Amino acid sequence: MTDSLSDTFPLPALRETARRPEVVTALRRFFDETDRQIAGYHPTCWNHGHCCQFGTYGHRLYVTALEVVMYLAGGYDLPVIEQDACPHARDGRCQARTCRPLGCRVFYCDPAAREWQGPLTEERLAVLRDLHGQLGVPYFYADWMTVLRALQRD
Ligand code: SF4
């Protein structure tokens with residue numbers, strides 16, 4: 001790993017943070033509340049994982065430091081990254097579902113979701129930003145694939 005990459009993503013510190021029970025508990029609470037809010041909108045998944053193929057779908061997923069911590073706390077094996085697509089997307093399913101990032105939960109291509117997903121993302125991101133301060137975790141906001149590639153090289 002280069003110095004500049006380790007400056008951008010302090011991976012040893014993130015792995016250490018993923019072992020702090022109070023951090024994982026706070027994140028579980030955060031994601032449970034997020035899921036509860038999303039379920040209230042009754043969204044429908046239409047594309048079954050195409051949105052995880054970032055290059056072909058034409059959008060990006062950005063994550064905060066604490067979302068990376070939650071992912072690391074899940075203890076997933078990171079599959080080899082072969083293209084601009086999340087390697088946890090398999091056969092239309094997410095293999096890291098329990099610990100997936102906020103954007104994976106909020107995004108639905110269902111046109112009916114457009115009204116609520118922007119405001120909900122902003123609201124939940126604000127809560128998540130505050131959580132970094134409360135838990136003493138330095139904040140960053142970065143492209144998911146860039147983070148996964150850094151983890152793969154680490
Ligand atoms: S973590 Fe899961 S939902 Fe999110 S991009 Fe990867 S496969 Fe898709």
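Values in this document were obtained by computation on a predicted structure and should not be read as measured data. Note that ligands are numbered from 1 as they come in the structure, with each ligand's atoms numbered from 1 the same way.
- Looking only at atom types and distance, the side chain of R124 has a donor-acceptor partner in the side chain of T34 under 3.5 Å away.
- Cation-pi geometry between R105 and F31 is satisfied (NZ or CZ under 6.0 Å from the ring centre, within 45° of the ring normal).
- Close approach of ligand 1 to A89 (heavy-atom distance below 4.0 Å) involves ligand atoms 7 (S).
- Shown in contact with C104 at under 4.0 Å from a heavy atom are these atoms of ligand 1, numbered in order with element: 1 (S), 3 (S), 4 (Fe), 5 (S).
- A salt bridge does not link D143 to R149: none of the charged side-chain nitrogens sits closer than 4.0 Å to a carboxylate oxygen.
- In this structure, the protein non-hydrogen atom closest to atom 5 (S) of ligand 1 is C86 CB, 3.5 Å.
- The closest approach between any non-hydrogen atom of F54 and ligand 1 is below 4.0 Å.
- Here C94 reaches atom 2 (Fe) of ligand 1: one of its N/O/S atoms is less than 2.8 Å from the metal.
- Using cut-offs of 30° and 60° on the angle between ring planes, the pair Y71 and Y76 is parallel.
- Looking only at atom types and distance, the side chain of E67 has a donor-acceptor partner in the side chain of T64 under 3.5 Å away.
- Close approach to C52 involves these atoms of ligand 1, each under 4.0 Å from a residue heavy atom: 3 (S), 5 (S), 7 (S), 8 (Fe).
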